[in-house]
Engineer: 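This is the structure I have questions about; it appears just below.
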Amino acid sequence: MTNFILPARLPFNYLSVVNSHGWRQLAPFGFDENTSTLSYTFRASNGRVMQINMNDARTGVAVDVKGRLSKLEVNEIREAITWMFALDADYSSFYEVARREQKLRKAIKFAYGRVLRSPTLFEDVVKTLFTTNTLWGATKNMTKKLIASFGDPLPGSDLKAFPTPESIAASSPEVLKETVRVGYRAPALHELAVRVASGELDLESLKQSTLPSLELRKELLKINGIGPYAAANLLLILGRSDYIPIDSWALKLVSYEWYEGGPVTAKEVERAFEKWGMYKGFAFWFWDWKYTGG
DNA sequence: GGTAGACCTGGACGC
DNA sequence: GCGTCCAGGTCTACC
């Protein structure tokens, strides 16, 4: 067993990150409600697949991995978890702004701002593609089937790692449609995998991009299947808060917050959060909404 | 720049 | 068990 603690820039709240959105429900993540352990089936660059267990260490993340790891593997795991939990991110300027608004008090109290990420942006783009024009149950199914069909197995278990771009690229849109049930998304998924695998599209470099959000958004919108909602979602994952991921749920939230459940368009959502400027995405995401579903 | 319609899957519902 | 309807963003064609 290899275990260590990765410290976070404070303030940090482990569960706020884990629960920041639905990602923890998507394979190869797993979450144990009783112990609050977040697990992830990780594939190192040398092809070794291992199960990482993460838990709350108050000021950081406690990490457990079964078996002896090489120095290279430990470094890759450290790097992956630092990215997944945005451990070195600084949200103090957002909190300064949030102090003015009662509906954002919880953001300060629970150190909101970090959004749980997958180790690679490729995985997050694929998962975001799977959230478009479908229900959450189908998103979970598509992710599960993609992993079952193309992921490398964790020895001695039924678990598999998220597939590499190469393994998906080696397939075909027809197979993706039939076996992963991604429907009309199949050509977009396959094209993305081919572009990343061939090196034509360096998605991972966008993690460290210093491009203005507007330019970064343009890059994301060039990906087939990624429209305004998906791009805004990915920008938030990348720590950019300038755009709001406006889907049908967002319209519902804003409708019940300010329009008594009446019809609302994307323009009203934009207008409601306009004053938050570069923090409008965070303000929307971490708003203390009246409507909670049902 | 705005809008209508097609694209698929899977769940709900009625029979 | 089968058929129908509906929800859910993106893309393309058209105005």
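In this text, all values refer to a predicted model and were calculated from it rather than measured experimentally. The analysis underlying the following values was restricted to heavy atoms, covering all of them including side chains, and did not include hydrogens, waters or symmetry mates. So that the names make sense, note that chain A is the first sequence line, chain B the second, and so on, each numbered from 1.
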Engineer: Which part of the nucleic acid does Ala186(A) contact within heavy-atom distance under 4.0 Å: base, sugar-phosphate only, or nothing?
Structural biologist: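 No contact at all - Ala186(A) keeps every heavy atom at 4.0 Å or more from the nucleic acid.
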Engineer: From CG of Leu129(A) over to C1' of dC11(C), roughly how many Å is that when rounded to an integer?
Structural biologist: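 It works out to 13 Å between those atoms.
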Engineer: What residues form a side chain to side chain contact (heavy atoms under 4.5 Å, CB included) with Ala86(A), not counting sequence neighbours?
Structural biologist: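 Scan of Ala86(A) (side chain to side chain contact (heavy atoms under 4.5 Å, CB included), adjacent residues dropped) gives Ala89(A), Tyr91(A), Arg114(A), Arg117(A).
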Engineer: Go nucleotide by nucleotide along DNA chain B from the 5' end; which of Asn133(A) and Lys267(A) gets its closest nucleotide reached first?
Structural biologist: Lys267(A)
Engineer: Enumerate the residues from residues 136-150 of chain A whose closest heavy atom to DNA chain C is under 4.0 Å, giving them by residue number; use none for an empty result.
Structural biologist: none
Engineer: For the pair Lys267(A) and Glu270(A), find out whether any cationic side-chain nitrogen is under 4.0 Å from an anionic carboxylate oxygen.
Structural biologist: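 No.
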Engineer: Does the distance from a Lys or Arg side-chain N to an Asp or Glu carboxylate O, for Glu33(A) and Arg24(A), drop under 4.0 Å?
Structural biologist: yes
Engineer: Send over the distance from Arg181(A) CZ to dC8(B) C1', rounded to a whole Å.
Structural biologist: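 One finds 9 Å between C1' of dC8(B) and CZ of Arg181(A), rounded.
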Engineer: Is the backbone N or O of Ser171(A) less than 3.5 Å from a side-chain atom of His190(A), with the two atoms forming a donor-acceptor pair by type?
Structural biologist: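 Flag set: sc His190(A) to bb Ser171(A) pair under 3.5 Å.
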Engineer: Which part of the nucleic acid, if any, lies within contact of Thr134(A), taking any heavy atom under 4.0 Å across all strands shown: a base, the sugar-phosphate backbone alone, or nothing?
Structural biologist: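 Counting heavy atoms under 4.0 Å across all strands, the contact made by Thr134(A) includes a base.
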Engineer: Quickly work out the Leu135(A) CG to dG8(C) C1' distance and round it to whole Å.
Structural biologist: 6 Å
Engineer: Whole-Å distance between dA7(C) P and Leu251(A) CG?
Structural biologist: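 Result: 13 Å.
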Engineer: What do you reckon, is CD of Glu79(A) surrounded by more than 12 foreign heavy atoms closer than 6.0 Å?
Structural biologist: no
Engineer: Lys127(A) has an atom NZ; how far is it from atom P of dG8(C), in whole Å?
Structural biologist: 22 Å
Engineer: What is the distance, rounded to the nearest whole Å, between atom OH of Tyr184(A) and atom P of dT9(B)?
Structural biologist: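 In whole Å, dT9(B) P and Tyr184(A) OH are 10 Å from each other.
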Engineer: Hey, which sits more toward the 5' end of DNA chain C by its nearest nucleotide, Ser248(A) or Leu221(A)?
Structural biologist: Ser248(A)
Engineer: Rounded to the nearest 0.5 Å, what separates atom CG in Leu201(A) from atom CG in Leu192(A)?
Structural biologist: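 Between Leu201(A) CG and Leu192(A) CG, I get 6.5 Å after rounding to 0.5 Å.
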Engineer: Given dC11(C), dG9(C), dG8(C), which nucleotide is nearest the side-chain atoms of Asn224(A)?
Structural biologist: dC11(C)
Engineer: Measure from CD on Glu178(A) to P on dG10(B) and round the result to the nearest Å.
Structural biologist: 11 Å
Engineer: Rounded to the nearest Å, what distance is computed from the CD1 atom of residue Ile246(A) to the P atom of nucleotide dG9(C)?
Structural biologist: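 Roughly 11 Å, once rounded to whole Å.
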Engineer: Assess, by modelled atom type and distance only, whether the side chains of Asp124(A) and Ser118(A) contain a donor and an acceptor separated by less than 3.5 Å.
Structural biologist: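 On atom types as modelled, these side chains qualify, holding a pair under 3.5 Å.
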